[in-house]
Amino acid sequence: MRLTAWVHGAVQGVGFRWWTRSRALELELVGSAANLSDGRVQVVAEGPRERCERLLEALRGGRTPGRVEHVAELWAEPKGGLSGFVER
């Protein structure tokens, strides 16, 4: 599956993308975490749905750097072509 999550809150400049990358690599997911100009972080992850759901739970879990206020999610079929998990 492909998970796209938009993380709202105080999540830029606090190590959030690095933390997300670490969780994604532990779950053997591929994708990216990128700062958006409006202060959100966009997370794109591909892999088995169960592992993507675990990443989503971690994003909402309250143990992230910064302060997460809301996480919006979108599920889709994987597009492929990704390797590793990068911070953008």
Quick one: does any side-chain atom of Gln12 pair with a main-chain N or O of Leu36 as donor and acceptor, under 3.5 Å?
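Yes, because the side chain of Gln12 sits within donor-acceptor range (under 3.5 Å) of the backbone of Leu36.
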Okay, side chain of Glu46, backbone of Leu29: is any donor-acceptor separation there less than 3.5 Å?
no
Would you be so kind as to tabulate the donor-acceptor pairs closer than 3.5 Å made by side chains of residues 80-88, with sequence neighbours excluded?
none

With a 4.5 Å cut-off on side-chain heavy atoms, are [Y] and [X] touching?
X	Y	result
Leu56	Val71	yes
Glu77	Arg2	no
Thr4	Glu73	no

Could you work out, with salt bridge (charged side-chain N to carboxylate O under 4.0 Å, His left out) as the rule, every residue matching Arg21, not counting sequence neighbours?
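None.
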Roughly how far, to the nearest 0.5 Å, is the [atom2] atom of [Y] from the [atom1] atom of [X]?
X	Y	atom1	atom2	value
Leu25	Leu55	CG	CG	10.5 Å
Trp6	Leu74	CH2	CG	4.5 Å
Arg40	His70	CZ	NE2	9.5 Å

Before accepting this row, confirm whether a basic side-chain N of the pair Glu69/Arg67 lies closer than 4.0 Å to the acidic partner's carboxylate O.
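Yes, Glu69 and Arg67 are salt-bridged.
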Walk me through it: do Met1 and Trp75 pass the test side-chain contact (heavy atoms from CB on, under 4.5 Å)?
CA-CA 7 Å; Met1 290 297 299; Trp75 294 92; 4.1 Å; yes
Shortest non-hydrogen separation from [X] to [Y] and the atoms involved:
X	Y	value
Cys52	Leu3	O-CD2, 3.6 Å
Thr64	Ala58	CG2-O, 3.5 Å
Val7	Val11	O-CG2, 3.7 Å

Before giving the answer on side-chain contact (heavy atoms from CB on, under 4.5 Å), spell out for Leu59 and Val68 the whole-Å C-alpha distance, their side-chain angles and the decisive distance to 0.1 Å.
CA-CA 8 Å; Leu59 295 174; Val68 174; over 6 Å; no
Please confirm whether Arg17 makes a cation-pi placement over Trp19, using NZ or CZ under 6.0 Å from the six-membered ring centre and within 45° of the ring normal.
no
Would you indicate whether Arg54, at its atom CZ, is surrounded by more than 12 heavy atoms from other residues, nucleotides or ligands within a distance under 6.0 Å?
no
Report yes or no: do Val14 and Val43 belong to one cluster of Ile/Leu/Val/Met/Phe/Trp/Tyr joined by side chain heavy-atom distances under 4.5 Å?
yes
